[in-house]
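In what follows, a structure is listed as structure tokens, so that the remarks can point back to it.
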Number of protein chains: 2
Amino acid sequence: MTTIYDVASRAGVSPATVSRVFNGTKVSPEKVEAVRRAAADLDFTPNRAARSLRTQTSEVIALVIPDIENPYFTEMARGVEDVASEAGYSVVLCNSDSQPDKESTYLQIAIAEHMSGVIIAAASDATNLDSILATGRPVVAVDRATRYDLDGVVMANREAGIAATESLIAAGYRRIAYIGGPEDIDTAADRAAGWRQALTDAGREADIAALQRFATFRVDGARAAMEELLALPEPPDAVVAGNNLIGVGAIQVLTERGLTPPAVGVAVVGSLPFTTLSPTAVSLVRLPARHMGVTAARMLLERIAGDAQPARTVVLRGETQRASANR
Amino acid sequence: MTTIYDVASRAGVSPATVSRVFNGTKVSPEKVEAVRRAAADLDFTPNRAARSLRTQTSEVIALVIPDIENPYFTEMARGVEDVASEAGYSVVLCNSDSQPDKESTYLQIAIAEHMSGVIIAAASDATNLDSILATGRPVVAVDRATRYDLDGVVMANREAGIAATESLIAAGYRRIAYIGGPEDIDTAADRAAGWRQALTDAGREADIAALQRFATFRVDGARAAMEELLALPEPPDAVVAGNNLIGVGAIQVLTERGLTPPAVGVAVVGSLPFTTLSPTAVSLVRLPARHMGVTAARMLLERIAGDAQPARTVVLRGETQRASANR
DNA sequence: ATGAAAGCGCTAACAC
DNA sequence: GTGTTAGCGCTTTCAT
């Protein structure tokens, strides 16, 4: 392993000068050149562990998400990564798998590695950020609010729930069910509230009790819920899916039963990135996941740079794409 | 920031003893207890930067992949993560975006951060691993071979191409096209070779020249290629997709034209994790992506532990799921 | 079993 | 503008 001392002696300068060259402080052109050549000759790579130890920071940010296999989160990760790497930061992607203990392990690692900041889509509203916040490191919440007073970027979930439901009403459906994520996650609760609101506005509040289901934000849970709904004495003629994977699960079950949309109406809060359906069969309230990641990363970088204004929350709206077909 | 010195003085022991407690060396039970309590009281987290600097390693492995938005790679990442975190390692997910310069930046970071090892799905066969290999750190190649003599885990791509094509022949299709990834990526080339082989075995080698297309491994490229094939004077009656995203793109175009499978036959090398199609309409050669990640991670951990046997290559076979319907 | 002390590679005063 | 030097927090001989 070559160090700045090796480079320094080869270039005939002091270690401090080598450090300065690599950190942009003023050094005379000749020495800069000498150092660069020596570094290249020796294939020198600065030791980040030493640098982090000395400066108490590292150009790394942690992105903690609950499901690495959900395209919504990978799209968001993509946005974070683009902004971060542009600014010279690396992103460590931490998959909490919705498990509080995995999540807190990753948070401890972020502290121990002196990472510059954290962007987190919390596994639950009980997520404990005390330790990381105590270190003074900035934290930005994405997708889901936390019980802390933090910068955050969230979707307009209630409005998305309303828009999804209304698109189905406009298409002529009447008995509209809802399958959402766990009730204790605010995104899921808000979207469900939007559905109830839209049902009430349409004079269908009587359906709420029978047609509301809370599953996981995953394909399997949604499949079970959809099957349960179809087994009802009076099954729904349409369904609002609380996220992308729930949409996939619901549509899978419908397709297997020969009820491919628009035979039964489907509206999804989120996108279906790898769908093979006709684009007009399903209503979508597309959520700008990449933009959420970009926004969160920018906010975090501002905080890292020392910005100390009060916590801000940015709310992003989904874009409704109404199914043109109806039954 | 609390250090081992703080913990040591509170526990009434030396810093060395605190270190020993956290590293499993022999310490008397009473002192262990005292140290643990002091550490808990002070909310002590060991400083990894200092540890890395001293030991010249860190319990972090880099996973470099070309497309974080492709479910194939996230599934693989999931496998790597499960094995690694089980063993106390963190995984830094690095998205090279198929760009050699982003890729080499991440490789430099892996060196500079003293990461224990690298698992890489190389952006191209020109990927340069000289520097990282020169540090003596283990590297495992996944999905794609490199020009180095390394441990690797790859799929049986040629066989997968053959199986996909044969499933279409068995279903009664005759004019079978192929859309694959970039010709200079060996996985893509091997799958294409499998398709040619199957065509030749079926006496259809005359179709090869007109019906072979190389796109990107993404949805958009596949869409364009599919449209081109359909515009042919004698369009194909079926198509083999070289990976999951190509399958999505091809099926999207077909669906938009009212040619939903099995009207035109489709076989995909890979899975369609979020498909909403009837499961019997499309043939799949499912690739065990998670298992690939698991295997690669295990091999890497063995190398990190000091295993010095000659380089091994593990070949994983896809599992064919034949479409039951034909036209 | 435990402590004292050196040193990993780097940066940031401070002196010149 | 450049060199000298102390020290970031940890692990690890080497004594005891």
Those residues at least two apart in sequence (or on a different chain) that pass side chain to side chain contact (heavy atoms under 4.5 Å, CB included) with A/Arg20 are A/Ala16, A/Thr17, A/Thr25, A/Val27
Using the heavy-atom set of chain A and a strict 4.0 Å cut-off, write down the first and last nucleotide of DNA chain C that makes it in, 5' to 3'. C/dG9 to C/dA13
For residues 129-152 of chain A, which residue pairs qualify under ring pair (Phe, Tyr, Trp, His ring centres under 6.0 Å), counting only residues two or more places apart or in two chains? none
List the residues meeting side-chain hydrogen bond (donor to acceptor under 3.5 Å, both in side chains) with B/Glu86, not counting sequence neighbours, and say none if there are none. none
Could you run down nucleotides 6-16 of chain D 5' to 3' and tag each one B, S or - for protein heavy-atom contact under 4.0 Å? BBBBBBBB---
Among all residues two or more places apart in sequence or in another chain, which pass the side-chain hydrogen bond (donor to acceptor under 3.5 Å, both in side chains) test with A/Gln309? A/Asp307
Salt bridge (charged side-chain N to carboxylate O under 4.0 Å, His left out) contacts in which one or both residues fall within residues 87-105 of chain A, not counting sequence neighbours: A/Asp97-A/Arg218, A/Asp97-B/Arg78, A/Lys102-B/Glu81
Can you sort out the partners of A/Asp125 under side-chain hydrogen bond (donor to acceptor under 3.5 Å, both in side chains), two or more places apart, ordered by chain and number? none
To the nearest 10 degrees, how far apart in direction are the end axes of the helix from C/dA1-D/dT16 to C/dC16-D/dG1, each fit to five base pairs? 30°
Taking only residues two or more places apart in sequence, or in another chain, which ones meet B/Thr55 in a side chain to side chain contact (heavy atoms under 4.5 Å, CB included)? B/Arg51, B/Thr57
Quick note, ring pair (Phe, Tyr, Trp, His ring centres under 6.0 Å) partners involving residues 111-144 of chain A, not counting sequence neighbours, are none
Residue pairs involving residues 42-79 of chain A (criterion ring pair (Phe, Tyr, Trp, His ring centres under 6.0 Å); sequence neighbours excluded): A/Phe22-A/Phe44
Between B/Thr45 and A/Gln108: side-chain donor-acceptor atoms closer than 3.5 Å: yes
